[in-house]
Amino acid sequence: AFFHSKCSLSEVIIIMLVSRIFGRTLFAAAKSEMYSATAAATSVVRNPLQDFFEADRSVDDDKPVVYGRSWKAPELRLKSWDDLNKLWYVLLKEKNMLMTQRQMLHSQNLRFPNPERIPKVRKSMCRIKQVLTERAIEEPDPRRSAEMKRMTNAL
């Protein structure tokens, strides 16, 4: 149930089947189409399934990739309601991508690189909900407060 409400169970199964059957060849074909389309026209054709997978890194890279930390609540309190909602969906997309990648690699008996990224994303998402809940509680207008709580609980 890590895809939230964005994908149905059948879509998740199809995505996993496609990724398992076709592996990286599907994305290699999509990349070659994208590059040829870019050369032919200014509009870029993109495979939407690429959002569920991290961009490939070169195997020759010797330096380990360092990922950031989770967001702190005081940092989030400085952001607007709209910015927090946008950040929530960016983190949700990141979480879906990481969980998909972890599941795909696990099914192929491969090691998931940097597993500490998932808890960082989850902590950030929990802190966003905390900050939005604090704002809803502090809201003096009871109707607006109830609406803010409803919206926060829907996340």
Side-chain angles (χ1 to χ4, degrees), residues 1-20 22 24 26-27 30-31 33-35 37-38 41-57 63-108 110-155:
F2 53 82
F3 282 89
H4 198 51
S5 63
K6 294 288 183 189
C7 293
S8 68
L9 183 58
S10 61
E11 290 172 326
V12 171
I13 292 170
I14 290 170
I15 290 169
M16 291 177 72
L17 274 172
V18 167
S19 66
R20 183 116 193 231
F22 296 108
R24 300 227 180 243
L26 174 70
F27 298 109
K31 282 181 184 177
E33 286 178 16
M34 183 175 70
Y35 291 133
T38 304
T42 56
S43 64
V44 176
V45 177
R46 211 171 122 290
N47 186 343
L49 285 178
Q50 285 178 323
D51 291 343
F52 286 99
F53 298 93
E54 191 170 25
D56 288 332
R57 290 190 320 246
K63 295 182 240 171
V65 177
V66 179
Y67 295 98
R69 60 175 173 76
S70 58
W71 284 86
K72 304 285 185 204
E75 297 168 334
L76 295 170
R77 287 186 187 103
L78 300 174
K79 297 200 169 291
S80 70
W81 179 274
D82 289 337
D83 287 344
L84 289 174
N85 278 297
K86 289 175 189 174
L87 181 58
W88 172 269
Y89 285 106
V90 167
L91 289 169
L92 181 63
K93 189 174 175 180
E94 178 78 6
K95 182 178 136 189
N96 284 345
M97 184 273 300
L98 290 171
M99 300 291 278
T100 302
Q101 185 179 19
R102 183 178 72 173
Q103 182 63 33
M104 185 186 73
L105 292 171
H106 178 74
S107 69
Q108 296 172 356
L110 297 173
R111 188 182 70 80
F112 177 60
N114 303 97
E116 70 278 359
R117 290 170 63 192
I118 295 173
K120 289 178 185 178
V121 171
R122 284 187 178 149
K123 279 182 189 176
S124 294
M125 292 174 82
C126 286
R127 289 177 180 150
I128 288 174
K129 278 189 105 167
Q130 173 192 349
V131 169
L132 291 175
T133 302
E134 288 171 0
R135 289 184 186 178
I137 291 170
E138 291 171 0
E139 177 64 37
D141 182 15
R143 287 184 187 174
R144 183 157 163 75
S145 176
E147 178 66 17
M148 290 169 75
K149 287 177 186 174
R150 187 189 64 74
M151 290 174 64
T152 303
N153 289 334
L155 293 177

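None of the values given here were measured: they were computed from a predicted structure.
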Asker: Yes or no on side-chain contact (heavy atoms from CB on, under 4.5 Å) for Leu132 and Trp88, after CA distance, side-chain angles and deciding distance?
Answerer: CA-CA 11 Å; Leu132 291 175; Trp88 172 269; over 6 Å; no
Asker: Go through it in stages, so that I can follow the logic: the residues are Arg135 and Leu84, the test is side-chain contact (heavy atoms from CB on, under 4.5 Å), and I'd like the CA-CA distance, side-chain angles, deciding distance and then a yes or no.
Answerer: CA-CA 12 Å; Arg135 289 184 186 178; Leu84 289 174; 3.6 Å; yes
Asker: Looking at CE of Met148 and CH2 of Trp81, how far apart are the two atoms once the value is rounded to the nearest 0.5 Å?
Answerer: 4.0 Å
Asker: Nearest 0.5 Å, please: how far is CG in Leu155 from SG in Cys126?
Answerer: 11.5 Å
Asker: Using side-chain contact (heavy atoms from CB on, under 4.5 Å), reason through Met99 and Ile118 one step at a time and then give a plain yes or no.
Answerer: CA-CA 8 Å; Met99 300 291 278; Ile118 295 173; 3.9 Å; yes
Asker: State the CD-CZ distance between Gln101 and Phe112, to the nearest 0.5 angstrom.
Answerer: 5.0 Å
Asker: Hey, is the main chain of Lys95 close enough, under 3.5 Å, to the side chain of Arg122 for a donor-acceptor pair?
Answerer: no
Asker: Take atom CZ of Arg69 as the centre, draw a 6.0 Å sphere, and report whether it contains more than 12 heavy atoms from other residues, nucleotides or ligands.
Answerer: yes
Asker: Any chance you could measure Leu78, atom CG, to Lys72, atom NZ, to the nearest 0.5 Å?
Answerer: 14.5 Å
Asker: Within the side chain of Ser124, is there an N or O that forms a donor-acceptor pair under 3.5 Å with the backbone of Ser70?
Answerer: no
Asker: Identify the two heavy atoms, one from Glu94 and one from Val121, that lie closest to each other, and give their separation to 0.1 Å.
Answerer: CG-CG2, 3.8 Å
Asker: For Leu87 and Leu91, what are the C-alpha separation, side-chain angles and deciding distance, and is it a side-chain contact (heavy atoms from CB on, under 4.5 Å)?
Answerer: CA-CA 6 Å; Leu87 181 58; Leu91 289 169; 4.1 Å; yes
Asker: Backbone N or O of Pro115 within a donor-acceptor pair of the Arg102 side chain at under 3.5 Å?
Answerer: no
Asker: Test Glu147 against Arg144 for salt bridge (charged side-chain N to carboxylate O under 4.0 Å, His left out), laying out the working first.
Answerer: CA-CA 5 Å; Glu147 178 66 17; Arg144 183 157 163 75; over 6 Å; no
Asker: So, for Ser145 and Glu139, which heavy atoms are closest and what is the spacing to 0.1 Å?
Answerer: N-CG, 3.7 Å
Asker: Tell me, yes or no, whether the heavy-atom count around Lys123 atom NZ, taken from other residues, nucleotides or ligands under 6.0 Å, exceeds 12.
Answerer: no
Asker: In Å, rounded to the nearest 0.5 Å, how long is the span from CD1 of Ile128 to OG1 of Thr152?
Answerer: 11.0 Å
Asker: CG of Asn153 to OG1 of Thr133: how many Å apart, nearest 0.5 Å?
Answerer: 6.5 Å
Asker: List the atom of Leu105, the atom of Arg111, and the distance in Å for their closest heavy-atom pair.
Answerer: CD1-O, 3.8 Å
Asker: So does Glu75 pair up with Arg127, basic N to acidic O under 4.0 Å?
Answerer: no
Asker: Tell me the closest heavy-atom pair linking Ala136 and Lys149, and the distance in Å.
Answerer: CB-CG, 3.6 Å
